[in-house]
2 protein chains.
Amino acid sequence: MTKAPPRRAKIQDVAEAAGVAIKTVSRVLNNEPNVREETRQRVLAIVKKLNYHPSLSARSLAGRRSFLIGLIYENPSANYIVDVQHGAMARCREDRFQLLMHQVTGRGEEMERDVLGLVDQTHLDGLIVTAPLSESPDLMRALDRRSLPFVRVAPNDVPHQTPFVDMDDAGAAREMTEYLVGLGHRRIGFIVGHPDHFASGQRLAGYKAALAAHGIEYQDRYVRQGYFTFESGMDAAKELLTQADAPTAIFASNDDMAAGALMAAHELGINVPERLSVAGFDDTYIAKTVWPRLTTVHQPTYDLAYTATNLLLQMLQTGAAPQSMRLGYRLVCRASTAVVHK
Amino acid sequence: MTKAPPRRAKIQDVAEAAGVAIKTVSRVLNNEPNVREETRQRVLAIVKKLNYHPSLSARSLAGRRSFLIGLIYENPSANYIVDVQHGAMARCREDRFQLLMHQVTGRGEEMERDVLGLVDQTHLDGLIVTAPLSESPDLMRALDRRSLPFVRVAPNDVPHQTPFVDMDDAGAAREMTEYLVGLGHRRIGFIVGHPDHFASGQRLAGYKAALAAHGIEYQDRYVRQGYFTFESGMDAAKELLTQADAPTAIFASNDDMAAGALMAAHELGINVPERLSVAGFDDTYIAKTVWPRLTTVHQPTYDLAYTATNLLLQMLQTGAAPQSMRLGYRLVCRASTAVVHK
DNA sequence: AAGCAAATTGACAACGTTGTCACGCCCATG
DNA sequence: CATGGGCGTGACAACGTTGTCAATTTGCTT
């Protein structure tokens with residue numbers, strides 16, 4: 001004789017056991033006011049005893065919200081996106097929301113269709129949009145039309161009332177460049193980030209500002225386009241390093257490209273940091289695993305995502321759009337940079 | 001005058017527009033039989049015109065399934081888990097299932113509570129359990145009790161009827177070890193994986209088997225415990241390399257530890273691969289970003305997850321447990337290994 | 001002790017699907 | 001010409017919550 005599979009308790013079971021109406025149980029579960037403390041305790045006790053968990057589906061259907069939040073991203077480096085995921089997850093967990101990750105495929109129209117498909121199919125309560133998706137005016141408009149609350153993580157210049165969380169990319173890049181200048185470097189190469197990312201332009205602007213501030217002429221030949229990938233960083237660095245009057249330092253717009261630059265240096269037999277300084281941006285895991293360890297800008301990726309999720313949840317609760325936020329960064333000096341060689 | 005927010009179409013709207021009962025629309029949407037082709041087309045046309053998307057919640061509630069699949073993991077390296085995620089995501093997308101990622105916190109009882117909390121709160125249709133969670137008999141039992149279909153990805157020896165997808169860890173480790181032996185190495189260090197992972201034991205067994213097959217004595221002093229992290233690999237390698245008669249090659253049970261070993265070698269001034277060969281396992285992103293690039297075992301992480309998800313969906317459709325599967329691996333020889341130095 | 005407002009509680013109708021079952025209709029069978 | 005069995009369809013009751021609103025109880029004021 002086998003034990004029957006224990007039917008899942010429902011709200012009615014709890015109500016009956018506690019001798020109250022289901023509505024009262026509902027009130028307790030949702031922390032609504034106007035329930036006597038004694039009643040609340042009694043219900044809570046039964047809930048625990050029966051191991052009762054409200055049905056998400058029923059709740060969504062009746063309450064017109066799904067407790068589901070989407071997190072969409074395009075194609076970032078694994079180390080970066082995992083930090084984002086965990087930041088958002090952590091905040092979701094606090095409020096018993098669930099997080100639905102979605103890697104967006106395609107660009108332009110196709111990307112839009114992909115996102116809207118997700119939004120239409122799963123009735124998300126809100127969305128976290130990471131760069132560069134957050135930089136598509138079309139997408140922003142489409143989301144507005146669906147009147148779906150969302151928060152953007154990462155900087156961008158799309159004028160929009162939606163709150164966002166970002167950091168001072170330009171400032172950070174400027175500071176890093178000045179650090180290199182401070183080490184005596186004058187020929188400083190720069191690898192630009194993916195052109196789709198607004199941050200790429202900001203970082204480049206910071207680099208330029210630092211040069212200008214120190215009376216160093218900006219030269220196109222010290223700047224190369226990259227795409228935030230290891231390979232693109234390696235290729236760009238090879239070009240930078242094989243020209244006459246090659247730079248004595250390379251500042252890449254993210255760590256993956258900086259790691260690529262390191263690889264390029266190794267392959268060209270250039271010692272880092274003795275003959276070449278290399279700096280990155282983001283301070284992801286890779287910065288600590290390459291040799292020499294990367295000097296980089298620490299970006300609070302986890303906190304960025306946590307904060308964005310926090311804003312979103314606030315937004316869902318209050319209905320009003322909260323203030324956007326800017327988080328801090330800091331330079332992390334490791335072994336890949338040094339005083340310029342003679 | 002503002003345009004009213006376009007109310008989301010529901011099944012009834014479609015039914016009315018098509019001049020049929022809602023049940024017929026439901027049948028069309030779910031590919032049920034017994035609908036005239038003409039009717040089907042008419043309904044489909046209206047669905048498209050109205051941009052109708054069934055409500056997930058209503059569907060779950062009425063149909064007693066959520067179209068939600070959970071993916072739980074503990075604390076793997078970012079590069080690894082992202083591959084897993086994308087493999088599972090890809091398969092889910094094909095069948096319009098959604099994937100809920102969940103990083104499990106804690107160990108033992110706490111881990112169990114965490115997982116069961118997820119299962120109880122969200123009415124998942126199925127679960128994908130990665131190692132080492134899949135190796136907890138307690139957890140397996142608890143999931144059975146909830147009669148939740150699940151698939152294990154990664155090897156383990158817990159006897160259980162649940163299907164799983166794995167690869168031949170022992171065989172792969174043996175092959176890699178033999179490759180090193182073939183390069184002339186006799187003193188081969190080995191860094192064991194996290195003791196919680198069954199695969200760690202398998203890989204160690206493969207290493208031992210290879211030594212035995214070639215008449216090389218197994219020595220404890222060439223083996224160190226690691227924890228699948230970069231740091232642990234670095235520490236273990238330092239110990240291995242600073243003893244008398246240090247190994248001429250180190251085989252680490254995953255790429256992160258191998259990268260750590262590389263770092264240790266750099267810090268000790270030991271050239272790789274001239275004075276020391278280093279091999280890893282997994283072939284994650286890190287293997288291609290360190291210098292020199294790592295020789296490693298390519299593990300089909302993406303496919304493992306894709307296949308596991310596939311089995312799970314099959315299971316949900318047919319109700320029967322499908323055959324478990326074993327996927328292939330292959331050695332990837334890069335620049336971190338070479339013929340032993342004299 | 002009555003009167004009234006506020007606090008507490010409950011009955012019942014949504015919410016948007018799917019499952020069950022019954023109803024015609026048409027065709028093959030005897 | 002009755003009979004039976006698919007097929008195509010629809011009516012209606014679930015599914016397990018929350019929202020609305022009315023009913024009841026409590027506590028305070030006079």
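Just so we're on the same page: letters track the sequence lines, and every chain starts at 1.
Shown here are the salt bridge (Lys or Arg N to Asp or Glu O under 4.0 Å) partners of Glu110(A), two or more places apart in sequence or in another chain: there are none. Every side-chain contact (heavy atoms from CB on, under 4.5 Å) that Arg96(A) has, sequence neighbours left out, goes to Gln121(B). The side-chain contact (heavy atoms from CB on, under 4.5 Å) check on Arg64(B) picks up nothing, with sequence neighbours excluded. In this structure Asp166(B) satisfies the side-chain contact (heavy atoms from CB on, under 4.5 Å) test together with Pro155(B), Phe164(B), Arg326(B), sequence neighbours excluded. In this view, Pro149(A) and Leu312(A), Met315(A), Leu316(A) satisfy the side-chain contact (heavy atoms from CB on, under 4.5 Å) rule, not counting sequence neighbours.
When each of dT17(C), dG10(D), dT18(C) is scored by its nearest atom to the side-chain atoms of Ala21(B), the top-ranked nucleotide is dG10(D). The listed nucleotides are dG10(D), dT17(C), dA11(C); the one nearest the side chain of Arg27(B) is dG10(D). For Asn30(B), whose side chain is taken as the heavy atoms from C-beta onward, the closest listed nucleotide among dT18(C), dT9(D), dT17(C) is dT18(C). Nearest nucleotide to the side chain of Tyr52(B), out of dG8(D), dT8(C), dT17(C): dT17(C). Listed candidates were dT9(D), dT17(D), dT9(C). Nearest to the side chain of Asn34(A) is dT9(C). Of the candidates dT18(D), dT9(C), dT9(D), the closest approach to any side-chain atom of Ile22(A) belongs to dT18(D). Of all nucleotides listed (dT9(D), dG16(D), dT20(D)), dT9(D) comes nearest to the side chain of Val35(B). Distance from the side chain of Ser55(B) is smallest to dT17(C) among dT17(C), dG19(C), dG10(D).
In the helix from dA1(C)-dT30(D) to dG30(C)-dC1(D), the terminal helix axes, each the rotation mapping four pairs' C1' atoms onto the next four within five end pairs, subtend 50°, rounded to 10°.
Closest approach of Pro54(A) to Leu29(A), counting heavy atoms only: CG-CD2, 4.5 Å.
Neither OP1 nor OP2 of dT9(D) sits under 4.0 Å from any side-chain N or O of Thr24(B). Between Lys10(B) and the phosphate of dG16(C), there is a side-chain N or O to OP1/OP2 separation shorter than 4.0 Å. The side chain of Ser26(A) contributes no N or O atom lying less than 4.0 Å from OP1 or OP2 of dT17(D).
How far OG of Ser55(B) is from CZ of Arg8(B): 8.0 Å, rounded to the nearest 0.5 Å. Distance check, rounded to the nearest 0.5 Å: CG of Leu124(B) to CG of Leu99(B) gives 9.5 Å. The distance from the CG atom of Leu56(B) to the CG atom of Leu68(B) is 7.0 Å, given to the nearest 0.5 Å. With rounding to the nearest 0.5 angstrom, the CG atom of Leu61(A) is 9.0 Å from the OG atom of Ser60(B).
For residues 67-83 of chain B, every residue pair satisfying the salt bridge (charged side-chain N to carboxylate O under 4.0 Å, His left out) rule, not counting sequence neighbours, is listed here: Glu74(B)-Arg107(B). Screening residues 311-325 of chain A for side chain to side chain donor-acceptor pair (under 3.5 Å) gives no qualifying pairs among residues at least two apart or on separate chains. Under the salt bridge (charged side-chain N to carboxylate O under 4.0 Å, His left out) criterion, no residue pair touches residues 26-35 of chain A, with sequence neighbours excluded.
With hydrogens and angles ignored, the 3.5 Å screen pairs no side-chain donor or acceptor of Thr39(A) with any backbone N or O of Val35(A).
Atom-to-atom, NZ of Lys23(B) to P of dT20(C) comes out at 9 Å; the value is rounded to the nearest Å. Summarising the geometry, the separation between CD1 on Ile11(A) and P on dG19(D) is reported as 11 Å, rounded to the nearest angstrom. Here dC15(C) presents its P atom at 12 Å from CG of Asp13(B), a figure rounded to the nearest Å. Distance CG (Asp125(A)) to C1' (dT18(D)): 14 Å, rounded to an integer number of Å. Regarding Glu32(B), its CD atom lies at a distance of 13 Å from the P atom of dT9(D), rounded to whole Å. Gln12(B) has its CD atom 15 Å from the C1' atom of dT18(C), to the nearest Å.
A heavy-atom distance below 4.0 Å to DNA chain D is reached by none of the residues of residues 37-49 of chain A. Within residues 59-67 of chain B, the residues having any heavy atom closer than 4.0 Å to DNA chain D are, in order of number, Leu61(B), Ala62(B), Arg64(B).
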Original post:
When you check every protein heavy atom under 4.0 Å of nucleotides 22-28 of chain D, what one-letter string (B, S, -) results, 5' to 3'?
Top reply: -------

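At a threshold of 4.0 Å, the pair Arg141(B)-Asp138(B) counts as salt-bridged, since one of the basic side-chain nitrogens sits closer than that to a carboxylate oxygen.
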